[in-house]
Amino acid sequence: MSDQASDDVMQGVTVVDHPLVQHKLSIMRNQETSTGSFRRLLREISLLLCYEVTRDLELTTKSIHTPMEAMDAPVLKGKKLVFASILRAGNGLLEGMLDLVPSARVAHVGLYRDPVTLEAVEYYYKAPTDLSDRLVIAVDPMLATANSATAAIEKLQESGAKNIRFLCLLAAPEGIASFRERLPDVPIYTAAIDSHLNEKGYILPGLGDAGDRMYGTK
Ligand code: PRP
Ligand code: URA
């Protein structure tokens, strides 16, 4: 890929390179890390990622009285956020994000990746009815081929979502390129961009299968 083409693909991609995120991610990658620690670390990282993905939210002011005097205090503008968890592994990010934004509405998109075709297969969908005037943040730890993330986001768009961001932990360059081509207007936030995908569509060096590592299913 030329430098210009690579710059174009990286438009709209934010890498959250905070040292705490990077440190925790390295522990998660280690195959010696237990299921319990993996889940706890994902929850902790999701707080930090949530902070970044919401950094530019619009504010308005509200008149309040402190114990000392009246003031116009900054508060979030607009309707409550929607977090859309791409099951199963998305729930690992969702939990921490809800710790930070407890009033958020939640959508669940159940998808699994067919191990042969690597296409996303939908098995569940439930979302708030009024997506069109809310910011929707879709979450899944892994962006590999991007088939799952793009299928989930296209489904949210069919349901009316217009303002969408995608948050993950690890992304493959191939997944970013495919995502950018299919959803050029959806910003991506990730903690790291890894080297490449292997022949089975797994991210290298990666962290393995995020769902299995979270839930101890392998
Ligand atoms: C994993 C991961 C993503 C998807 C990424 O889910 O959580 O959803 O793979 O791969 P892709 O970018 O190539 O689509 P998986 O299908 O293993 O389901 P799970 O979360 O239920 O384990
Ligand atoms: N899904 C995962 O959980 N891990 C990968 O490396 C690729 C897809």
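For ligands, and for the atoms within them, numbers begin at 1 and follow the listed sequence. Computed from a predicted model, the values in this text were never measured in an experiment.
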Suppose I only count heavy atoms of Asp209 and a 4.0 Å limit; which atoms of ligand 2 are within that range?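 That gives atoms 2 (C), 3 (O), 4 (N) of ligand 2.
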Looking at Ala144, which atoms of ligand 2 are within less than 4.0 Å of one of its heavy atoms?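 Heavy-atom distances to Ala144 below 4.0 Å select 7 (C), 8 (C).
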Less than 3.5 Å between some nitrogen or oxygen of Ala210 and one of ligand 2, yes or no?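 Yes; the residue has a nitrogen or oxygen that sits under 3.5 Å from a nitrogen or oxygen of the ligand.
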When you compare ligand 2 with Gly208, is there at least one nitrogen or oxygen pair between them that comes in under 3.5 angstrom?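 There is such a contact, yes.
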CD of Glu181: more than 12 outside heavy atoms within 6.0 angstrom?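 At most 12 heavy atoms, drawn from other residues, nucleotides or ligands, come within 6.0 Å of this atom.
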Using only atom types and a distance under 3.5 Å, with no angle test, would you say the side chain of Arg165 pairs donor to acceptor with the backbone of Val53?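 A pair under 3.5 Å: yes.
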Ligand 2 contact by Arg213, heavy-atom criterion under 4.0 angstrom: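 Under 4.0 Å: no for Arg213.
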Assess Gly201 for proximity to ligand 2: is some non-hydrogen atom of it under 4.0 Å away?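 Contact check Gly201 vs ligand 2: positive.
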Can you get from Ile193 to Leu183 by hopping between Ile, Leu, Val, Met, Phe, Trp and Tyr side chains that sit under 4.5 Å apart?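 Same cluster: Ile193 reaches Leu183 through Ile, Leu, Val, Met, Phe, Trp or Tyr contacts under 4.5 Å.
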Mind checking whether Leu20 and Met97 sit in one hydrophobic cluster, side chains of I, L, V, M, F, W, Y counted as touching below 4.5 Å?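 Linked within one cluster.
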Protein contact of atom 5 (C) of ligand 2 - nearest heavy atom, named by residue and atom, plus distance: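 Going atom by atom, the protein heavy atom closest to atom 5 (C) of ligand 2 ends up being Tyr202 CD2, 3.3 Å.
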Among all the protein's non-hydrogen atoms, which is closest to atom 6 (O) of ligand 2, and how far away is it?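 Answer, as residue, atom name and distance: Ile203 N, 2.8 Å.
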Ile86 side, atom CD1; Asn91 side, atom CG - distance, nearest 0.5 Å: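 Ile86 atom CD1 to Asn91 atom CG measures 11.0 Å (nearest 0.5 Å).
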Output yes when Asp209 and Lys218 qualify as a salt bridge under the 4.0 Å nitrogen-oxygen rule, no when they do not.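 No salt bridge links Asp209 with Lys218.
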At less than 4.0 angstrom from any atom of ligand 1, which residues have a non-hydrogen atom? List them by chain and residue number.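 Contacts of ligand 1 under 4.0 Å: Leu87, Arg88, Ala89, Tyr112, Arg113, Asp140, Met142, Leu143, Ala144, Thr145, Ala146, Asn147, Ser148, Asp209, Gly211.
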What I want to check is whether the side chains of Thr217 and Arg88 have a donor and an acceptor closer together than 3.5 Å.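 Thr217 vs Arg88: donor-acceptor pair found between side chains.
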